[in-house]
Amino acid sequence: MISKTIEQALNAQINAEFWSAYLYLSMSCRFASNGYKGIANWFKIQHREENDHAYIMIDYLVRRGGKVTLEPIADVPSEWATPHEAFADTLKHEQKVTSMINALYAAAEAEHDYATRQMLNWYVAEQVEEEDSVQEILDSLMRIGNDATGLYQLDLELAKRTYTAPKAE
Ligand code: OFO
């Protein structure tokens, strides 16, 4: 059985993961409409990964005898002036998600809920990867600046990203 405190905290995180999915789908649509197929592809895969993050937590909560409560997903922005602006927002968002995962981890420790703590280890590692991959793209965008050829090359590069199902339990 899982405590009410952890149940509520996991439900809030599930909602946050779906919000992230929605945010990245919005970014994907925005750049697809503006001819950046590679960037649109990158964000669409990001969208799928965020859904996975939510599904993993849903499965875990069910297995622990908890109740999953799906709350409405709040509105997401839909306008980004440049790819740089979208990836800068993405990094800021992922840093916020890292803090949320850390807070969940601390809550699980405070409740002596070691199973939840262990499940969250996967998210802790995933956040390191999330922040790192976005930072890498932002670094490229900084170097590219206003160079259209550089942006074109980066778009081709991001078109190569493929979806891989997560290996979390
Ligand atoms: Fe679920 O990691 Fe991004 O938000």
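Counting convention: from 1, in listed order, for ligands and their atoms alike. Computed over heavy atoms, backbone and side chain alike; hydrogens, waters and symmetry mates excluded.
Each of the following atoms of ligand 1 lies closer than 4.0 Å to a heavy atom of Val97: 4 (O). The ligand atoms of ligand 1 that sit less than 4.0 angstrom from a heavy atom of Ser20 are 4 (O).
The aromatic rings of Trp19 and His93 sit tilted, their planes meeting at an angle between 30° and 60°. Classification of the His53-Tyr123 ring pair by plane angle, with boundaries at 30° and 60°, yields perpendicular.
Put simply, the side chain of Glu130 does not reach to within 4.5 Å of the side chain of Gln135, judged on heavy atoms.
For Gln127, the heavy-atom gap to ligand 1 drops under 4.0 angstrom.
Proximity of a side-chain donor or acceptor of Glu94 to a complementary backbone N or O of Gln127 within less than 3.5 Å is not detected. Under a 3.5 Å cut-off, the side chain of Asn34 and the backbone N or O of Arg30 do form a donor-acceptor pair.
Rounded to 10°, the angle formed at atom 1 (Fe) of ligand 1 by OE1 of Glu17 and ND1 of His53 is 100°.
Residue Glu94: no N/O/S atom is found under 2.8 Å from atom 1 (Fe) of ligand 1.
Below 3.5 Å of separation, one finds an N or O of Glu130 facing an N or O of ligand 1.
Between Glu49 and Arg161 there is a salt bridge, with a side-chain nitrogen of the basic residue lying less than 4.0 Å from a carboxylate oxygen of the acidic one.
Note on Glu50: its N/O/S atom closest to atom 1 (Fe) of ligand 1 is OE1.
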